[in-house]
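Shown next, in structure tokens, is the structure this report addresses.
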Amino acid sequence: MKTALVNVFRATFGRAPEFISRAPGRIEFIGNHTDYNGGTVLGAAIDRGVWVALAKRDDGQRRWVSDQREGVVTLSAEGVARQSGVQSWVNYPLGVLAAMPTFGLRVPVGFDYLAMSDLPTGAGLSSSAALELASGLAFLAATQQRPSRETLVSVGKHAENHFVGVPCGILDQGVSGFGRKNHLVYIDCRGPRFSTVPLPDGAHFWIFNTHTKHALVDGLYAARHSECMAAAKTLGVGLLVEATPVTVRAAENTLAPAVFKRARHVVEEIARVEQASAALRAGDRAAVGKLLTASHRSSQSLFENSTAELDFLVDTLVGMPAVFGSRLTGGGFGGAVMALTSGDFGDAQAKAVSDAYEKRYGARPDVLHAQTGDGAALVTV
Ligand code: ADP
Ligand code: MG
């Protein structure tokens with residue numbers, strides 16, 4: 001990818017880039033809707049990501065190009081307004097530039113910018129966070145600043161929350177920033193604090209993206225969020241992370257039935273994240289897999305953010321010999337399912353899953369076999 005990036009940069013801008021960076025996409029491994037409840041979550045940075053090449057300009061112009069989008073977007077350094085239509089992808093790096101001063105960071109003025117990617121966009125792999133972090137690293141290199149990794153992650157999240165306007169939690173940027181090959185990233189969302197947990201040998205990720213999306217997904221997220229906050233209030237805690245499976249069950253009669261189910265999912269899911277971390281450290285892939293499937297069953301019956309399509313994929317996958325476990329990954333109400341498998345799961349098995357899905361739903365899911373990869377980093381030019 002680096003050679004292609006340099007070649008395209010030269011062909012587009014007529015000179016070599018001065019700075020190159022790369023940031024990976026991510027998978028939500030376990031910890032569904034735990035983030036805004038102050039809980040914990042495990043994610044995996046994958047071996048696909050977004051690359052950014054940059055060279056400074058003296059005339060204050062900013063020229064933006066992506067291999068995923070047509071044309072060159074030219075803006076002056078004063079042009080930091082939100083873009084719309086075909087130029088709206090620039091809002092991600094523009095949002096990073098807008099966020100940097102909030103964190104006491106200087107921004108580069110003029111530059112030529114190229115993004116290239118081998119990460120599908122809008123597939124629940126968080127290409128948006130990868131784009132933000134790769135951009136942030138290039139802007140920091142161009143201004144000779146080296147803030148902490150935590151700051152880079154916060155800048156990316158701030159850009160997405162406040163400039164792009166997507167209320168994502170810390171998972172996307174945190175995993176892209178702190179990813180490590182053959183490891184998962186463990187995030188305690190209350191710090192937030194980041195660490196890594198080793199992934200046992202012979203553990204593979206397969207992603208099946210249904211490209212389905214519930215028409216009311218934004219409203220459903222908001223409803224789940226308020227149900228969780230309502231549960232915390234009744235339980236007398238700030239956030240559900242301060243409750244436990246025992247205290248939630250004890251309060252069953254004081255909580256509305258739906259609110260009780262949401263709360264039970266959250267506190268039990270947080271417990272599963274801890275159990276999964278321990279099982280990963282012990283190298284027990286089968287135990288990890290059982291927790292993944294239990295997470296899905298909880299999303300299905302308690303948090304009620306699964307769909308028939310996602311359930312069908314999980315049911316199909318968990319019946320296969322090389323699959324340790326499977327669950328919906330991401331916000332739910334459509335989207336993708338992940339499976340943790342042994343090396344015996346291959347293209348033939350993936351095809352069998354897609355065939356079964358097509359027979360039932362008349363469309364094929366996108367299939368991705370991902371390895372873990374390292375987090376966001378500058379690359380030697
Ligand atoms: P996800 O983060 O799950 O991939 P999002 O909707 O959050 O989905 O972000 C996808 C958006 O991010 C794209 O529509 C595009 O605007 C932007 N994006 C991601 N990667 C690139 C890229 N390489 N080039 C241009 N835009 C990108
Ligand atoms: Mg995103």
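Every number for a ligand or one of its atoms is a count from 1 in the order of the listing. The model shown is predicted, which means the values in this text are computed figures rather than measured ones.
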[X] and ligand 1 - part of the residue with a heavy-atom distance under 4.0 Å:
X      : value
Thr121 : both
Ser66  : side chain
Leu125 : backbone
Arg69  : side chain

Q: Could you tell me how the ring of His225 sits relative to the ring of Tyr36: parallel (under 30°), tilted (30 to 60°) or perpendicular (over 60°)?
A: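 Tilted, since the angle between the ring planes falls between 30° and 60°.
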Q) Any idea how His214 and Phe333 line up, ring-wise: parallel (<30°), tilted (30 to 60°), or perpendicular (>60°)? A)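 Answer is perpendicular, since the angle exceeds 60°.
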Polar proximity ligand 1 side, [X] side, N/O cut 3.5 Å exclusive:
X      : answer
Ser127 : yes
Ser128 : yes
Gly122 : yes

Backbone of [Y] reached by a side-chain donor or acceptor of [X] within 3.5 Å:
X      : Y      : result
Asp188 : Phe194 : no
Arg224 : Phe303 : yes
Ser176 : Asp172 : no
Glu18  : Lys56  : yes

Among all the protein's non-hydrogen atoms, which is closest to [atom], and how far away is it?
atom                    : result
atom 11 (C) of ligand 1 : Tyr92 OH, 3.6 Å
atom 26 (N) of ligand 1 : Trp89 CB, 3.4 Å
atom 18 (N) of ligand 1 : Leu131 CD2, 3.6 Å

Q. Who are the salt bridge (Lys or Arg N to Asp or Glu O under 4.0 Å) partners of Arg180, not counting sequence neighbours?
A.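 Listed in chain order: nothing, the list is empty.
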(Q) With heavy-atom distances below 4.0 Å as the criterion, list the atoms of ligand 1 near Gln68. (A)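 Selected atoms, number and element: 22 (C), 23 (N), 24 (N).
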Q) Would one find an N, O or S atom of Ser127, in either backbone or side chain, under 2.8 Å from the Mg ion (ligand 2)? A)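 No.
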Q: From the options Phe13, Tyr113, Tyr92, select the one residue that forms a ring pair (Phe, Tyr, Trp, His ring centres under 6.0 Å) with Trp64.
A: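 Of all the options given, the one that passes is Tyr113.
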